[in-house]
Amino acid sequence: MASMLTLMVFLLLSLYTFSPVSSHQHHPLDPLTPSEFTLVRAIVNKSYPSPNHNLTFQYIGLDEPDKPTILLWLSNPASKPLPRRAAVIIRVEKQSHEITVDLSTRSIVSDNVYHGHGYPLLTLDEQTAATKLPETYEPFIKSIEKRGLKLSQVVCSTYTTGWYGEVKSKRVLKLQCYYKEGTVNFYLRPVEGILLVVDLDEMKIAEYYDRSIAPVPKAQGTDYRASTQKPPFGPHPNGATFIQPDGPGFKIDGHIISWANWIFHLGFDVRVGPIISVASIYDVEKQTYRRVLYRGFISELFVPYMDPTEDWYYKTFFDCGEFGFGQSAVSLQPFADCPSNAVFRDAYYAGQDGVPVKISNALCIFERYTGNIMWRHTETGIPDEVIREVRPEVSLVVRMVAVVGNYDYIIDWEFKPSGTIKLEVGLTGVLEVKGVTYTHTDEIREDVHGTLLANNTIGIYHDHFLTYYLDLDVDGEANSFVKNNLETIRTTNQSSPRKSYWTVVSETAKTEGEARIQLGLNQPELIVVNPNKKTKVGNNVGYRLIPGSVAHPLLSYDDYPQIRGAFTNKNVWVTPYNKSEKWAGGAFVDQSRGEDTLAVWSLRNREIENKDIVLWYTIGFHHVPSQDEFPVMPTLSGGFELRPNNFFESNPVLKTRAPNVVPGPNCTTQG
């Protein structure tokens, strides 16, 4: 019988009433609206009126005002609205243009041709068009017939080509094809040996290879749909219902979300997905909101595969800069992707023709109550008395799921009343596999670069590196980055029987070079402090980075994919705030050469002490596939936390009252 929990949502205080942004006034960080996308499209098309231009929109996003301008506006949001501008990248006549559009004056402020290396974000429309080309390509049709396959059951998927030292390059994609007969899980049935190269500017097949024939893995046992499963079935847990009779405990006003002692802005971008801005927490003692995070998002996701063979070496992907994390967002399923108490939000981006595209239920916001404990203590040291105090933890979660090819990424931002922000990513979906002749591990006599998962099926080794952009403003913009090194001290006198202890030796990074950190066994505590603000007892107020899912790149630093992904060479970077430095892999990532990355910017070794600084943190996974992840992968999660560190004078949730809970019918106590 399903247990029933009735939670009366609690607030630490009455909800803070943010200065309202009326329906006629934008918050300056609001994402572009459908009508604004339409206006951008009209303004740009007007500048290129000839139909022969074959103009395509590769990116349209908010060109937010400079940070000081926004902070000034936030101090008086009833003042004059700030101008709205859009950052636009188009392809026209085989060139990339960077355009700034002023929406208030309906004019183009700047239009510059990009002459550097690399190409802009791929659109879904051009990828779809590319995958249809093989259907009428005679050499491909003959190759399929040669393998005894049905053309109608073949589907193709797009892959970026990377850069491997070429002096010149064209804007191309590679296609690998799969066989879907007998299953919807076509990624597990690759048609090996066939490779197509598509010229995107000409939208035609530029190169074609049919090098070898390998068995197509069987469809049996690969379908993951519930309707196709047969006994014996797996476990069937009893359900639990989370009920809030008075509705959600949070409020949404435009893109501003307020809950318990938190308030923040939720945005969306076609390249990176959810963006959290101006996150502030209410300090009960100071009776005011204090800013923690000015802006945060996943800047890049680097996924290199470890098969260097001819048909696989190029599979080293940058999912944000090449495919678009926001563009890859999918509609969330109520009661499955998000719990019953979730509130959903739609998201919009501009398609290749500039027409706005709606993603229904792209984001969900919900309160999480999973039985975690916020704090507790039982005291038995007082004679004849037992004192027990427990506070259950309730948190607020913002979630999006991006599906980039075979992988599903679950992105969570979790806000806790204690002041902690927990950032987590869940990896699920379908493994990238290679068709081979092997049916048992005993047959393998060479490095196959993966794990034999099923007959004729190798799951290829690979990595996932997610680099977060975190513009922390800990109680103000001027911050410093402190490394608290834990050092062993040997006792030198006879006053103690102890021979050693450890203590903290603090080091404040003065330049970018001093803040590059590769985490390991003896990692320091990493804290962003405000050196201009102290607690009553004299500590600098701060926020601590608590790492998780630490992994280092194992590719050599001179390998071409790692040159492009050099921003993963360190787990932690700190840079001075620069509005133009937000994409860790560069602005034009497709076929880039590593010349415009976080690693390159940091070489300037700029001063970062008591400055407006940005913390970059990379979480990583080395993934060795296993049979337990076949045919669909149970979610693998990792993340990290941003936790108050002398930010408050004392525990900010000490006086939090426990929510009222109505016990379910299965709730019993045994003595």
Side-chain angles (χ1 to χ4, degrees), residues 55-61 87-99 113-131 156-176 195-204 206-207 269-273 298-305 313-328 349-352 402 404-405 407 465 467 559-568 582-600:
L55 183 151
T56 60
F57 291 88
Q58 307 299 135
Y59 174 85
I60 303 179
V88 183
I89 298 177
I90 64 170
R91 287 287 291 177
V92 61
E93 296 179 347
K94 300 183 180 182
Q95 291 183 317
S96 298
H97 288 242
E98 297 178 278
I99 299 174
V113 176
Y114 174 71
H115 293 292
H117 297 121
Y119 298 101
L121 188 73
L122 297 163
T123 69
L124 292 181
D125 291 336
E126 62 190 347
Q127 292 180 71
T128 300
T131 61
C156 298
S157 186
T158 57
Y159 295 86
T160 49
T161 63
W163 170 70
Y164 295 89
E166 303 90 347
V167 177
K168 294 183 178 180
S169 64
K170 292 185 177 181
R171 189 165 181 261
V172 296
L173 277 177
K174 290 185 177 179
L175 301 181
Q176 182 174 351
L195 188 66
L196 303 96
V197 179
V198 174
D199 185 321
L200 290 174
D201 287 328
E202 299 288 346
M203 196 50 71
K204 68 179 184 181
E207 299 175 43
D269 178 75
V270 66
R271 179 163 174 158
V272 301
I298 295 176
S299 179
E300 191 54 84
L301 170 53
F302 179 38
V303 187
Y305 281 80
Y313 73 89
Y314 61 89
K315 292 189 176 183
T316 56
F317 310 122
F318 296 78
D319 285 346
C320 290
E322 293 177 338
F323 297 101
F325 229 36
Q327 182 174 239
S328 303
Y349 68 92
Q352 179 174 293
V404 187
Y407 259 103
F465 294 106
T467 298
D559 196 358
Y560 291 108
Q562 196 59 41
I563 291 172
R564 300 174 65 214
F567 53 89
T568 64
K582 54 185 178 180
W583 314 130
F588 293 81
V589 178
D590 182 24
Q591 299 183 52
S592 62
R593 304 186 181 184
E595 300 162 325
D596 179 30
T597 70
L598 169 60
V600 173

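Everything numeric in this text was worked out from a predicted model, so none of it was measured.
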- Task: Give the minimum heavy-atom separation between Thr160 and Tyr314, together with the two atoms involved.
- Result: O-CD1, 3.5 Å

- Nearest heavy-atom neighbours spanning Leu200 and Ala130: CD2-CB, 4.4 Å

- Item | Any Phe325 side-chain heavy atom under 4.5 Å of Ile298 side chain | yes

- Distance-only polar pair, side chains of Ser96 and Glu98, donor-acceptor under 3.5 Å: no

- Would Gln591 and Glu166 satisfy side chain to side chain donor-acceptor pair (under 3.5 Å), going step by step from the backbone distance to the final call? CA-CA 10 Å; Gln591 299 183 52; Glu166 303 90 347; over 6 Å; no

- Query: So, Tyr164 versus Tyr313, ring centres under 6.0 angstrom or not?
  - Reply: yes

- Task: Scan residues 313-326 for pairs that pass salt bridge (Lys or Arg N to Asp or Glu O under 4.0 Å), counting only residues two or more places apart or in two chains.
- Result: Lys315-Glu432, Glu322-Arg564

- Is Lys582 atom NZ crowded by more than 12 heavy atoms from other residues, nucleotides or ligands, each under 6.0 Å away? yes

- With rounding to the nearest 0.5 Å, note down the distance linking OH in Tyr159 to CG in Leu195. 10.5 Å

- Pair Phe465-Phe567, side-chain contact (heavy atoms from CB on, under 4.5 Å): steps then yes or no: CA-CA 10 Å; Phe465 294 106; Phe567 53 89; 5.8 Å; no

- Which atom names give the shortest non-hydrogen contact between Val589 and Gly586, and what distance separates them? CG2-O, 3.2 Å

- Please examine the side chains of Tyr305 and Val303, heavy atoms only from C-beta on, and report whether any two atoms are closer than 4.5 Å. yes

- Message: Any heavy-atom pair between the side chains of Leu122 and Leu173 that's under 4.5 Å?
- Response: yes

- Query: Rounded to the nearest 0.5 Å, how far apart are OG of Ser328 and OH of Tyr349?
  - Reply: 8.5 Å

- Message: Looking at every non-hydrogen atom in both residues, tell me the closest pair between Cys320 and Ser299 and how far apart they are.
- Response: CB-O, 3.7 Å

- Task: Answer yes when Glu126 and Arg171 have at least one side-chain N-carboxylate O distance shorter than 4.0 Å, and no when they do not.
- Result: yes

- Grab the two heavy atoms, one from His97 and one from Val113, that are nearest each other, plus how far apart they are. CE1-CG2, 3.5 Å

- Item | Side chain to side chain, Phe323 and Gln127, heavy atoms closer than 4.5 Å | yes

- Taking C-beta and beyond as the side chain, do Arg271 and Trp583 meet within less than 4.5 Å on heavy atoms? yes

- Message: Tell me the closest heavy-atom pair linking Val600 and Glu595, and the distance in Å.
- Response: CG1-O, 3.6 Å

- Residues in side chain to side chain contact (heavy atoms under 4.5 Å, CB included) contact with Lys204, at least two apart in sequence or another chain: Glu202

- Query: Can you tell if the side chain of Gln58 reaches within under 4.5 Å of the side chain of Ile90, non-hydrogen atoms only?
  - Reply: no

- Can a salt bridge be assigned to the pair Asp201 and Lys170 using a cut-off of 4.0 Å between side-chain N and carboxylate O? no

- Query: Would you call Leu121 and Val270 a side-chain contact if the rule is heavy atoms closer than 4.5 Å?
  - Reply: yes

- Query: Can the ring centroids of Phe588 and Tyr119 be said to lie less than 6.0 angstrom from one another?
  - Reply: no

- Task: Begin from the C-alpha positions of Met203 and Val198 and carry the test side-chain contact (heavy atoms from CB on, under 4.5 Å) through to its verdict.
- Result: CA-CA 7 Å; Met203 196 50 71; Val198 174; 4.3 Å; yes

- Thr568/Gln562 under side-chain contact (heavy atoms from CB on, under 4.5 Å): CA gap, chis, key distance, verdict: CA-CA 8 Å; Thr568 64; Gln562 196 59 41; 3.0 Å; yes

- Heavy atoms, side chains only, cut-off 4.5 Å: are Trp163 and Asp590 in contact? no

- Message: For a side-chain contact (heavy atoms from CB on, under 4.5 Å) check, start with the C-alpha distance between Gln352 and Phe57, then their side-chain angles and the critical distance, and finish with the verdict.
- Response: CA-CA 5 Å; Gln352 179 174 293; Phe57 291 88; 5.9 Å; no

- Partner set under side chain to side chain contact (heavy atoms under 4.5 Å, CB included) for Val197, not counting sequence neighbours: Val172, Lys174, Glu207, Tyr209

- Between OG1 on residue Thr131 and CG on residue Leu196, distance to nearest 0.5 Å: 11.0 Å

